[in-house]
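First up is the structure itself, then whatever we jot down about it.
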Amino acid sequence: YGQIIRPAKQTKISEKTSDGTWNWKGWTETSKQVTEDVITFVGKWLFDPKPTGSITGQPKEWTKNTVTLTLTTNEDVSTPNGWTPVNNSKREFTKDIEGNSTISVVVTDLGGNDSVQITATVDKIDKVNPTLVTLETKGNVSLIKEAQVEIHFAGEDTAGKNPINNNSGIAKYQCKLNNENWTDCTAPFMVTNLTE
């Protein structure tokens with residue numbers, strides 16, 4: 001009785017779990033005078049949860065343009081590789097996507113905790129031009145001054161080796177006669193009053 005005692009030094013100062021990390025913050029009291037048979041020291045741990053995040057910006061309609069994705073996190077994190085901070089933010093980042101792909105990222109908070117894998121799929125980019133696979137003209141237009149001609153055609157859109165989505169399909173056909181403007185048309189395309 002009357003002796004001053006101190007708690008032992010804590011040898012383990014952190015413990016990682018599946019949800020985050022427990023960090024040792026120290027004893028609430030660094031010493032006590034013995035006044036009874038049992039002396040209790042209370043230590044404090046602080047839980048630092050794993051960061052979370054989400055990726056947005058995936059196109060809902062087909063596009064031929066580059067897509068910009070946005071990664072948003074619930075707390076400050078280190079800038080993930082390949083992503084660009086928005087206005088020096090530590091919680092919002094962007095990344096340009098050229099083609100269909102699945103994007104995965106793990107972010108690390110300032111305490112060293114890694115998030116679970118954050119994943120997004122982009123499957124609506126088609127930068128492959130469609131091709132005209134058949135073209136057939138009915139009617140002899142080489143020697144006459146005026147005629148009505150039917151032109152039959154069909155197209156094909158094969159994005160080909162796209163691992164996410166096969167192709168976007170053909171949205172429309174456009175036709176023009178000589179130097180006139182392109183106009184929407186459907187197969188077969190009827191050309192009337194064709195002059196030499």
Side-chain angles (χ1 to χ4, degrees), residues 14-23 46-136 151-177 179-190:
S14 70
E15 177 72 23
K16 286 189 178 290
T17 71
S18 59
D19 298 319
T21 304
W22 286 97
N23 293 303
L46 185 64
F47 184 66
D48 184 11
K50 285 185 172 183
T52 60
S54 61
I55 298 173
T56 57
Q58 301 92 317
K60 295 186 176 19
E61 303 293 333
W62 284 100
T63 180
K64 62 180 180 179
N65 301 318
T66 298
V67 171
T68 300
L69 298 181
T70 300
L71 168 65
T72 305
T73 60
N74 68 323
E75 62 176 300
D76 290 356
V77 297
S78 302
T79 301
N81 189 30
W83 292 78
T84 303
V86 176
N87 298 324
N88 294 319
S89 171
K90 294 185 182 295
R91 297 190 182 198
E92 188 176 14
F93 311 88
T94 60
K95 181 182 185 79
D96 290 338
I97 305 298
E98 296 288 337
N100 293 321
S101 55
T102 298
I103 296 89
S104 298
V105 63
V106 172
V107 296
T108 305
D109 68 15
L110 303 186
N113 291 306
D114 291 336
S115 70
V116 297
Q117 186 169 278
I118 304 165
T119 303
T121 298
V122 175
D123 63 357
K124 288 282 192 286
I125 299 176
D126 182 358
K127 294 189 175 185
V128 179
N129 292 332
T131 56
L132 196 61
V133 292
T134 61
L135 182 62
E136 178 185 71
I151 301 174
H152 294 257
F153 54 88
E156 182 178 86
D157 177 36
T158 53
K161 303 172 177 120
N162 178 349
I164 305 296
N165 209 330
N166 289 335
N167 56 66
S168 62
I170 294 176
K172 65 181 178 180
Y173 291 94
Q174 289 193 316
C175 305
K176 75 173 182 174
L177 181 62
N179 293 323
E180 294 178 9
N181 293 328
W182 288 100
T183 58
D184 290 352
C185 59
T186 57
F189 179 52
M190 187 72 73

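Just so it is clear, the values below take in all heavy atoms, side chains as well, and ignore hydrogens, waters and symmetry mates.
Checked by atom type and distance alone, the side chain of D19 never pairs as donor or acceptor with a backbone atom of P49 at under 3.5 Å. A donor-acceptor pair is defined here as one N or O able to donate and one able to accept, closer than 3.5 Å; such a pair exists between the side chain of T73 and the backbone of E75.
The side chain to side chain contact (heavy atoms under 4.5 Å, CB included) check on K90 picks up D76, with sequence neighbours excluded. Every residue meeting the side chain to side chain contact (heavy atoms under 4.5 Å, CB included) condition with D96, not counting sequence neighbours, appears here in chain and number order: T66, T68.
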Ignoring hydrogens and angles, write down the donor-acceptor pairs under 3.5 Å from the side chains of residues 77-89, residues two or more places apart or on other chains.
residue: S89; atom: OG; partner: R91; partner atom: N; Å: 2.9
residue: S89; atom: OG; partner: E92; partner atom: N; Å: 3.1

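Annotation: the span from N100 atom CG to Q58 atom CD amounts to 11.5 Å, rounded to 0.5 Å. Put simply, CZ on F93 and OG1 on T72 are 9.0 Å apart, with the number rounded to the nearest 0.5 Å. To the nearest 0.5 angstrom, T56 atom OG1 is 7.5 Å from L69 atom CG. Atoms CD1 and CD1, from I97 and I103 in turn, are 4.0 Å apart once rounded to the nearest 0.5 Å. Atom OG1 of T63 sits about 7.0 Å away from atom CD1 of I125, to the nearest 0.5 Å. Distance check, rounded to the nearest 0.5 Å: CG of L46 to CH2 of W22 gives 8.0 Å.
Among all heavy-atom pairs drawn from D109 and P51, the shortest one is OD2-CD, 3.7 Å. For G111 against D48, the heavy-atom pair with the smallest separation is CA-OD2, 3.9 Å. Taking all atoms of both residues into account, the shortest heavy-atom contact from V67 to G57 is CG1-O, 3.4 Å. Looking at every heavy atom in both residues, E98 comes nearest to K127 through OE1-NZ, 2.9 Å.
Between T52 and S115 the shortest side-chain heavy-atom distance does not fall below 4.5 Å. Within the 4.5 Å cutoff, side-chain heavy atoms of K16 are placed close to those of N113. With a 4.5 Å cut-off on side-chain heavy atoms, V105 and I55 count as touching.
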